[in-house]
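Before any comments, here is the structure.
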Amino acid sequence: MVYFVGAGPGAADLITLRGKALLENADMIIYAGSLVNPELLSFAKPGCEVFDSARMTLDEVIEKMKIASALGKNTVRLHTGDPGLYGAIREQTDRLSALGVAYETCPGVSSFCAAAAALRAEYTLPGVTQTVIITRAAGRTAVPGRENIRSLAAHNATMVLFLSAGLLDEISQDLMEGGYSPETPAAIVYKASWPEEKIIRCTVAELCKRAEENGITKTALICVGGFLGDDYELSRLYSADFSTGYRKGITE
Ligand code: SAH
């Protein structure tokens with residue numbers, strides 16, 4: 001069996017209980033060494049084989065999984081954050097399906113959740129926005145043209161950009177030309193939940209300059225939108241005059 005496990009954003013104790021149990025039971029771990037905290041490998045049992053996928057091709061990863069599975073061994077494929085976001089897992093699971101190798105996925109805490117925590121923020125503020133756009137700038141991996149940052153910016157929703165910290169000059173322009181005012185609050189969250197975590201608060205117009213000043217080119221999320229500002233409305237859910245299935249509202 002192959003388990004695709006979300007390692008969480010960095011801090012080793014942000015893996016799920018299920019993910020930890022799967023690591024403890026694994027005969028082989030293939031981890032994404034560029035981003036997964038190596039501290040998580042200390043959960044491996046003695047004799048567990050460990051490979052860093054940063055040095056492997058897709059074919060090599062699949063070959064290891066195929067052999068382990070044929071021997072009845074458990075493999076954990078450890079991906080950063082949640083495997084379902086920019087995890088490149090589909091190309092692996094399709095190959096495993098074709099080979100008849102069973103697999104399951106264990107979710108993880110995505111870095112965008114850790115970034116909200118680090119910012120002490122709520123992405124979906126009443127009266128501001130109820131939408132989070134998760135996207136990336138086009139880099140070596142293409143992004144379909146209809147999803148260009150300018151058009152997504154028109155919504156003025158919360159936007160979280162993965163894999164884009166090295167492209168901020170263009171991103172900042174696109175965000176402003178697409179609809180965010182230059183003063184819209186923004187933040188660069190570097191290595192959320194790691195000891196070296198850094199939070200840089202700025203405006204959309206200042207993103208590139210602030211990233212350069214702080215030497216940040218990767219392992220960061222760019223968060224944009226009014227959710228980082230001061231104004232919002234109170235929720236209806238906890239309003240005294242609002243009835244829910246659990247609580248009757250006070251009517252004068
Ligand atoms: N599956 C992962 C994302 C993998 S793509 C997840 O759910 O988080 C890798 C990108 O994620 C990085 O380039 C960076 O933009 C972001 N990232 C991953 N871990 C991060 C962290 N701890 N802090 C900030 N950004 C992070």
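Computed from heavy atoms alone, side chains included, the values below leave out hydrogens, waters and symmetry copies. Here the structure is a predicted model, which means the values were calculated and not measured. Counting convention: from 1, in listed order, for ligands and their atoms alike.
Each of the atoms 24 (C) of ligand 1 lies under 4.0 Å from some heavy atom of Val189. Atom numbering of ligand 1 starts at 1 in the shown order; those under 4.0 Å from a heavy atom of Thr80 are 1 (N), 2 (C), 4 (C), 6 (C). Counting the atoms of ligand 1 from 1 in the order shown, those under 4.0 Å from a heavy atom of Phe162 are 3 (C), 6 (C), 8 (O), 11 (O), 15 (O), 16 (C). Using a 4.0 Å cut-off to heavy atoms of Asp82, the atoms of ligand 1 that qualify are 1 (N), 6 (C), 7 (O). Applying the 4.0 Å criterion to heavy atoms of Leu221 picks out, from ligand 1, the atoms 15 (O), 16 (C), 24 (C), 25 (N). Heavy-atom proximity to Trp194, at under 4.0 Å, picks out these atoms of ligand 1: 22 (N). When each atom of ligand 1 is checked for a heavy atom of Leu35 under 4.0 Å away, the hits are 9 (C).
Contacts of Ala220 with ligand 1, taken as heavy-atom pairs under 4.0 Å, involve the backbone alone.
Annotation: side chain of Arg77 is in contact with side chain of Val61 (closest heavy-atom distance under 4.5 Å).
Taking each of Gly81, Gly84, Ser111, Gly108 in turn, the one with a heavy atom nearest to atom 16 (C) of ligand 1 proves to be Ser111.
Hydrophobic clustering keeps Leu163 apart from Leu167 (ILVMFWY residues linked when any side-chain heavy atoms are closer than 4.5 Å, directly or through intermediates). Placement of Ile29 and Leu35 in two distinct hydrophobic clusters is found when ILVMFWY residues are connected by side-chain heavy-atom separations under 4.5 Å, directly or transitively. Tyr3 and Phe51 sit in two unconnected hydrophobic clusters of ILVMFWY residues. Membership requires side-chain heavy atoms under 4.5 Å apart, directly or through other members. Cluster annotation: Ile89 is connected to Met28 through the hydrophobic network of ILVMFWY side chains, with a link wherever side-chain heavy atoms come within less than 4.5 Å. By the rule that hydrophobic residues join a cluster once side-chain heavy atoms approach within less than 4.5 Å of another member, Leu99 and Leu58 end up as members of one cluster.
The backbone N or O of Tyr123 lies less than 3.5 Å from a partner atom in the side chain of Thr158, making a donor-acceptor pair.
The distance criterion of under 3.5 Å between nitrogen or oxygen atoms is met by Ala192 with respect to ligand 1. For ligand 1, the polar-atom distance check finds an N/O of Ser110 within less than 3.5 Å of one of the ligand's N/O atoms. For ligand 1, the polar-atom distance check finds no N/O of Leu161 at less than 3.5 Å from any of the ligand's N/O atoms. Residue Leu85 has at least one N or O atom closer than 3.5 Å to an N or O atom of ligand 1. In terms of polar-atom proximity, Tyr86 is not counted as a contact of ligand 1, lacking any N or O under 3.5 Å from an N or O of the ligand.
Within the structure, the closest approach of Lys218 to ligand 1 does not fall below 4.0 Å when heavy atoms are considered.
In this structure, atom 13 (O) of ligand 1 lies nearest to the protein heavy atom Leu163 CD2, 3.4 Å.
Taking a cutoff of 4.0 Å between a charged side-chain nitrogen and a carboxylate oxygen, Lys64 and Glu60 do not qualify as a salt bridge. Taking a cutoff of 4.0 Å between a charged side-chain nitrogen and a carboxylate oxygen, Arg95 and Asp59 qualify as a salt bridge. Between Glu213 and Arg210 there is a salt bridge, since at least one side-chain N of the basic residue sits less than 4.0 Å from a carboxylate O of the acidic one.
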